[in-house]
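Naming convention: chains lettered A, B, ... in sequence-line order (proteins, then strands); numbering from 1 in each chain. What you see below is based on every heavy atom in this structure, not just the backbone, and it leaves out hydrogens, waters and symmetry mates.
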Amino acid sequence: MAEQIQTETQSDSSVHTGHPTPLTYFKVAMTLSVITAIEVGIFYIEDLGLGIIPILVVLSTAKFAMVAMFYMHLRYDAKLFTGFFVGGLVLALSIGLSVLALFKFFA
Amino acid sequence: MAHAEAAAHGGEHEETSTGLNHRKLLMWAFLGSDCMFFGSLIATYVVYFGRSKVGPFPEDVFSIPTTSVSTFVLLMSSMSMVLAYAALNRGSIKGFRIWIASTAIMGMTFLAFQVFEFTDFANHEVHLDCVEIRTNEAAIEELTDYEKTFVDECVEGVDEFEEQHGLTPRTNLFGTTFFTLTGFHGAHVTLGVIWLLSLLFFSFTRGGVTPARSLDVDLAALYWHFVDVVWIVIFTVVYLFGVFPGI
Amino acid sequence: MSKIDRYSSRLVTVGLAVLLVLLAVGCTPEHNQSTFDATGPVARSQLNLFYWILWTAVFVFVVVGGILIYAAIRFRRKPGDPDPEQTHGNTPLEIGWTVAPALILAVVAVPTVTTIFYNANSPDPGSLTIDVVGHQWWWEFNYPHPDGSDSVVTAANELHIPVDEVININLDSKDVLHSFWIPKIAGKVDLVPNHPNQMWILAEEPGEYYGQCAEFCGVAHANMRFRVIAQSRPEFDAWLSTQAQDAVEPIDPLALRGKALFEGDARCWSCHTVAGSKRARGQQGPDLTHVASRAHLAAGIVENTQANLRKWLEDPDAVKPGNLMARDAEVYNDPVRELTGADVSALVAYLRGLD
Amino acid sequence: MTTLAIPLPKRPAHPTGVLAWLTTIDHKKIGILYGVTAFVLFITGGLEALYMRFQLAQPGQDFVSPEVFNQLFTMHATTMIFLGVMPLGAAFFNFVIPLQIGARDVAFPRLNAFSYWTFLAGAILLKLSWFLGGAPNAGWFGYAPITGSDFNPGHGIDYWAVSLQVLGIASLAAAFNFIVTIVNMRAPGMSLMRMPLFTWMTLVTSFLLVLAFPVITVALIELMFDRFFGMNFFSIGAGANPLLWQHLFWIFGHPEVYILILPAMGIVSEIIPTFSRKPLFGYPVVVLSGVIIGFMGWMVWSHHMFTVGLGPVANSVFALTTMAIAVPTGVKIFNWIGTMWNGSIDLRTPMLFAIGFVFLFIIGGLSGVMHSSAASDAQQQDTYFIVAHIHYVLFGGSIMAIAAGAYYWFPKMTGRLMDERMGKLNFWLVFMGMNISFFPMHFLGLDGMPRRIHSYDSAMGWDLWNLVSSAGAVVLAAGILVTIINMVRSAKQGEKAGADPWDGRTLEWSIPSPPPEYNFEQIPTVHGKDAFWMQKRQRVSTVPVAGASGDSHDIHLPQPSYWPLIASIGLLIGAYGLVYSATWTGIIVGAVGLATTVVSVYAWSFEPVNEPVEGAAGH
Ligand code: HEA
Ligand code: HEA
Ligand code: CUA
Ligand SMILES: [Cu+2]
């Protein structure tokens, strides 16, 4: 079991599936721009009310994920890196949300 | 070639227990840690959201179109950063220089926007068209909460009311938390720009920046992209949610 | 039983005895702030919960600590011992000692949650409500006016409550954090500026209870105390209606001179309120309208006697180091305005009359 | 594998004397520096405690003024936690970890030196406050708003905030370093589940550090901005909520207490198997429980805020999560006992301290569970009952384990054993003193004695137990005096230890004491847990890794460097300037310090790398 853990990481790091090309990077950039444009666009639709929150959360999470996966090449890199980063990220997110809840922010 | 290939992957085939490079591991651990840093700043901002006792409030000062442009610039800088790294790995030092320079320039553009924004907020003026207010009942509804508190200044004979009510870090909770959060993001960007410019500079020295040492660039790039994703969050949470008129 | 076994079981017995003796001498309900002498439902619910957990903890301690010491003694190495068997674990055992603590905790968790909710929700939100405001380093108590109007009756440092009635308390602070604690009646709740809190209390027996600020609040934190006087309803009503009245006008010439000083050169008026006086409307210090009716001075620090009042006015810092009157009142920090012995006598005469 | 273009310079002649210590980047020397410095600082914290105990020995005493008393408890706790226990832990991380994992150094040796010097800078800055206008006085958790300039003019709080930031930089740098070292530099064959327990707990602790310190960094930044620039984070007039500070502080603070105890648990998990001659019982579960404790440490912070008015729902949730931590902690305790069971127990001093640790920690942990019951905690919070808990877990826990570790690894560090008879005396004095001093505090707390009071009235009935407690502190001090004497004497004339005085189980015992600079002549290959024990008993040989040189002359170690030291001096100067940033002198001094640091960081990164061939890159 222990051995497995190690060899797994080892093999992960040496697998390089389909390296991205500048074209990929460009496509990602275009997608990011389009999403940003959508975000700013729907911002002016007042009728959305509170509904804008989930929409924007989803859209900006998508942007965040794309940058992390492609530009920071987490998608192609060792899982351990993703672990370190996502660990901090998820912890920050959950604690942040708990603090807001404790301040009755959602009430 | 085999050499460049190895380097292209950030020297992953090192003789370490995991095969991963020390510095790269350090960088990722640092980024995880920095999430907690920005998480705390953002939480502070949100906890105090809407609790300022005096204005100006977000809707008085924010300009979404302006910030959208600077956001766009920062996003594009991430693209040019990754292209710089790709160029270096291809062995094109010239391509690298071009892209890294444009990344730094876009970073500086973003900072310039921020400086502009900060001074603009600090010099914010309350501006009321008193004639309009007197003649058109609905005009008051259009004002922000903060501006409404000045409606009484529109006494007979005043056609236009104008007064400086800037937002500084001392003005209210909003000013304090906003400037601190975006200021620390700006400080990260500044550090990044210095880093990028150093890389550009050393690409002119012998053996300074080479495909074999692309890890140096990789680390700077990770940092840069991280600063970018933090802005993605700030832009949504602070700017878009902050002044969305529908909420 | 081997010698070692006997030895260690005796050790455990002795240890247990020592522990029980310690616990017995440790509980001293007669002490002023003992939590073992609960005289109200809130404190009692907390005490019962405490006992429940205490015995659980003692049980765990005796068992686990006992086994630890037993093992340390029983398995001592003797010269020439071979290596012991190299066991690596025992799954059923390990599951057992994961589940057992979880079960014990469940036993503690249930009464914990019920008590939390019991204490949080006042059984009678409509009954007498007192606003408590914490100041560095004294207490302000505001009661609803007996005439039913919206105005309040302000007192300081002595909380009078009717016995056997639910009292609702609103807690607020104007400066730093404080904590409101009457060990025999209820556990503490903090006073947090910009974050008002509520609690409820009930005293079952008439009498005087000690209270104390429990959250560090600066130099005189140790001396930020108060008393709770629980009395019968009629006594309480009588007390409240006296407190609602304006201050007594002095007739004695010395006291009159004291009043003049108070409302004049000594500048006491800038910090203290004396109801009925036009000048004395200050808010920084305790309300002195009925200061003579209080049993203690300076937040429960000294008895309110003529001599102590004199000492207080001569040198407040000597009575209560660091207090804000000594720091900020001009008569103490501006040599030109210093009070003479005669001034003090006059002020004492005046204040002693304010009952 | 990255091959270096530049030829490695010849290994330089070693600097000698003081210079050798100032420029060293050898993890063992840095470990010793950490240990000695932190021990001295621990004693200063102890002296601060003794002052308090003298003052409180009898009612109504005037031995120290209330102002000074407030500074005493603030400095006592800040010192003990940040300058005592944490760096004492770091001393062991530094000295032991590379040896336990079979490495020649840490991943970033110069960063490691920087961590130490920066820690020293922070310590100096904090302690200087006593002499430069007054120490901080708002308690170790510095609750807003009493730390604000309105209620706290003067520079005490500035020193506190700034020095904690400096110490934070030191801790963060060290933690990153140890994460990379442990993840990346294990000897071949040492998989995660073969790592010694102490290494494991160090890894968990390091993760807690890198995730917890940014939070207090932000809290302190907010405090500093309020104080220096008149911002409003905690300004009541502007509508700020002081609970924000409390949340940020305890989100850091609770993981922090596990940062203080997990290394201790790691130490004990090494000592108990060694002196019982048995492998650690239930190794995977002990590892897992450590990880779970580290993880659950994030879900309980509001148990320090049961009385601030979070409401019954939040209080219940945090009460339950807090109680739950007793389960993984209990698992550890039971597995230690399981290790001793049927063992062959040698009650040498390290083992005595280890058993003392387990015993006292059970008491401290159980009083922790009592606090976790939010409703009854309303009677205990901010009383001496809490003070009792603090000291049972921190003294009975962390310090006892650190003492155990000191006796255990002293021979490895110095080549000499500590005196056994004095060791026993040491243990019993400390153990008795600690109980006499801290057990009565339970009674005092339940008897209504609040914490942080500079004096009390005889009428309250607290005289007896306070006197007993103070007497206990004197016994405790005597015990610690014995530690000092024993250490100093043994370092000079103690019995020669040899490589493996305890019949140890882990790799550090396979090399000479004190270890040569390069640690391992040949990097060992690991075939299981307790690698060295296996080698000794089962005759499994450790074979050198292909490629690693077998000849110590060929071992290239990173060279000593000035830059870490200079960078830290820059930080010290800069931080000192920051305290006075309201004045021009302050700003100038601060700028000079900052510039020094920036320059030395640049110089550092361009210094010839001189990486050892093995790939332990020192960048
Ligand atoms: C090393 C440091 C350390 C450690 C390890 C702990 C461990 C624990 N602490 Fe402690 N704590 C502090 C340091 C520490 N604490 C400090 C410094 C403060 C005060 C801060 C201040 O205000 O200044 C504090 C305060 C504090 C409070 C706040 C009290 C208040 O101010 O009102 C609480 C409340 O829940 C608490 C709870 C706990 C619990 C439940 C544990 C648990 O982790 C303990 C778990 C261990 C055991 C339970 C014992 C062994 C287990 C068994 C034998 C199994 C069987 C057990 C059962 C079934 C119960 N602690
Ligand atoms: C690791 C942490 C740690 C340690 C080891 C200690 C150790 C001790 N503590 Fe500490 N303490 C805390 C952490 C710690 N404490 C914390 C977090 C608080 C809360 C603070 C707050 O409220 O903010 C606290 C608070 C605290 C208080 C309560 C203050 C108050 O609320 O008013 C008291 C009171 O007695 C006290 C006493 C002691 C004593 C007597 C020791 C003893 O164990 C000390 C033993 C050491 C010595 C006695 C030194 C030996 C010295 C010599 C031998 C000198 C001779 C030699 C030479 C000069 C060469 N501590
Ligand atoms: Cu008020 Cu302590
Ligand atoms: Cu805690």
Atom pair [atom1]/[atom2] of [X] and [Y] - distance to nearest 0.5 Å:
X: D:Trp336; Y: C:Leu68; atom1: CH2; atom2: CG; result: 10.5 Å
X: D:Asp457; Y: C:Asn32; atom1: CG; atom2: CG; result: 9.0 Å
X: D:Ile325; Y: C:Leu105; atom1: CD1; atom2: CG; result: 11.0 Å
X: C:Phe36; Y: D:Leu446; atom1: CZ; atom2: CG; result: 4.5 Å
X: D:Asp346; Y: C:Arg77; atom1: CG; atom2: CZ; result: 4.0 Å
X: D:Arg452; Y: C:Cys217; atom1: CZ; atom2: SG; result: 11.0 Å

Pick from [options]: which one has the most heavy-atom pairs with chain C under 4.5 Å?
options: D:Arg277, D:Lys529, D:Met449; value: D:Arg277
options: D:Phe73, D:Tyr456, D:Phe306, D:Phe439; value: D:Phe73
options: D:Phe359, D:Trp465, D:Trp462; value: D:Phe359
options: D:Ala374, D:Gly139, D:Pro66, D:Pro145; value: D:Pro145
options: D:Pro328, D:Pro279, D:Ala240, D:Pro450; value: D:Pro279
options: D:Ser65, D:Gly282, D:Pro284, D:Gly148; value: D:Gly282

side-chain contact (heavy atoms from CB on, under 4.5 Å) between D:Trp533 and C:Asp83: does it pass, once the steps are laid out? CA-CA 12 Å; D:Trp533 175 268; C:Asp83 278 358; 3.6 Å; yes
At a 4.5 Å cut-off on heavy atoms, which part of [X] comes close to chain D: side chain, backbone, both, or neither?
X: C:Glu94; value: side chain
X: C:Tyr210; value: side chain
X: C:Gln212; value: side chain
X: C:Ala222; value: both
X: C:Ala43; value: both
X: C:Asn197; value: side chain

Which atom pair, heavy atoms only, marks the closest approach of [X] to [Y]?
X: D:Met370; Y: C:Ala57; answer: CE-CB, 3.7 Å
X: D:Ile146; Y: C:Phe216; answer: CD1-CE2, 4.3 Å
X: C:Pro84; Y: D:Asn342; answer: CB-O, 3.3 Å
X: D:Gly448; Y: C:Gln33; answer: O-NE2, 2.8 Å
X: C:Ala72; Y: D:Ile355; answer: CB-CD1, 3.8 Å
X: D:Gln380; Y: C:Phe50; answer: NE2-CD1, 3.2 Å

Shorter than 4.5 Å, heavy atoms on both sides: which option in [options] has the most such pairs with chain D?
options: C:His31, C:Lys188, C:Gln46, C:Glu215; result: C:Lys188
options: C:Ala102, C:Gly89, C:Gly218; result: C:Gly89
options: C:His221, C:Met199, C:Gln136; result: C:His221
options: C:Pro196, C:Pro101, C:Ala214, C:Ala120; result: C:Ala214
options: C:Thr56, C:Thr87, C:Leu93, C:Leu191; result: C:Thr87

Verdict with supporting geometry, C:His88 and D:Tyr283, side-chain contact (heavy atoms from CB on, under 4.5 Å): CA-CA 7 Å; C:His88 288 270; D:Tyr283 170 93; over 6 Å; no
Step through the shown structure and confirm whether more than 12 heavy atoms of other residues, nucleotides or ligands are within 6.0 Å of CD on D:Gln61. yes
Near C:Glu85 CD, under 6.0 Å, is it more than 12 heavy atoms from other residues, nucleotides or ligands? no
Checking [X] against chain C: side chain, backbone, both or neither under 4.5 Å from a heavy atom?
X: D:Ser276; answer: backbone
X: D:Phe275; answer: backbone
X: D:Ile333; answer: side chain
X: D:Phe385; answer: side chain
X: D:Gln246; answer: side chain
X: D:Phe234; answer: neither

Would you mind reporting whether [Y] and [X] have side-chain heavy atoms less than 4.5 Å apart?
X: D:Ser373; Y: C:Trp52; result: no
X: D:Val313; Y: C:Phe117; result: yes
X: D:Leu347; Y: C:Arg76; result: yes
X: D:His454; Y: C:Asn223; result: yes
X: C:Ile53; Y: D:Ser376; result: yes
X: C:Asn90; Y: D:Phe281; result: yes

Stepwise side-chain contact (heavy atoms from CB on, under 4.5 Å) test for D:Val358 and C:Val64: CA-CA 10 Å; D:Val358 180; C:Val64 183; over 6 Å; no
Side-chain donor-acceptor pairs of residues 316-324 of chain D under 3.5 Å, sequence neighbours excluded:
residue: D:Ser316; atom: OG; partner: D:Pro312; partner atom: O; Å: 2.8
residue: D:Thr321; atom: OG1; partner: D:Met299; partner atom: O; Å: 3.1
residue: D:Thr321; atom: OG1; partner: D:Val317; partner atom: O; Å: 3.2
residue: D:Thr321; atom: OG1; partner: D:Phe318; partner atom: O; Å: 3.1
residue: D:Thr322; atom: OG1; partner: D:His303; partner atom: ND1; Å: 2.9
residue: D:Thr322; atom: OG1; partner: D:Phe318; partner atom: O; Å: 2.5

Show, in sequence, the C-alpha distance, side-chain angles and deciding distance for C:Trp97 and D:Asn335, and conclude whether the side-chain contact (heavy atoms from CB on, under 4.5 Å) test is met. CA-CA 9 Å; C:Trp97 64 45; D:Asn335 279 294; 3.4 Å; yes
Is it true that a side-chain atom of C:Asn194 and a backbone atom of D:Asn241 form a donor plus acceptor pair closer than 3.5 Å? no
Spell out the residues in residues 169-178 of chain C that have some non-hydrogen atom less than 4.5 Å away from a non-hydrogen atom of chain D, in order of number; otherwise answer 'none'. C:Asp175, C:Val176, C:Leu177
Parallel under 30°, tilted from 30 to 60°, perpendicular over 60°: which one fits the rings of C:Tyr70 and D:Trp341? tilted
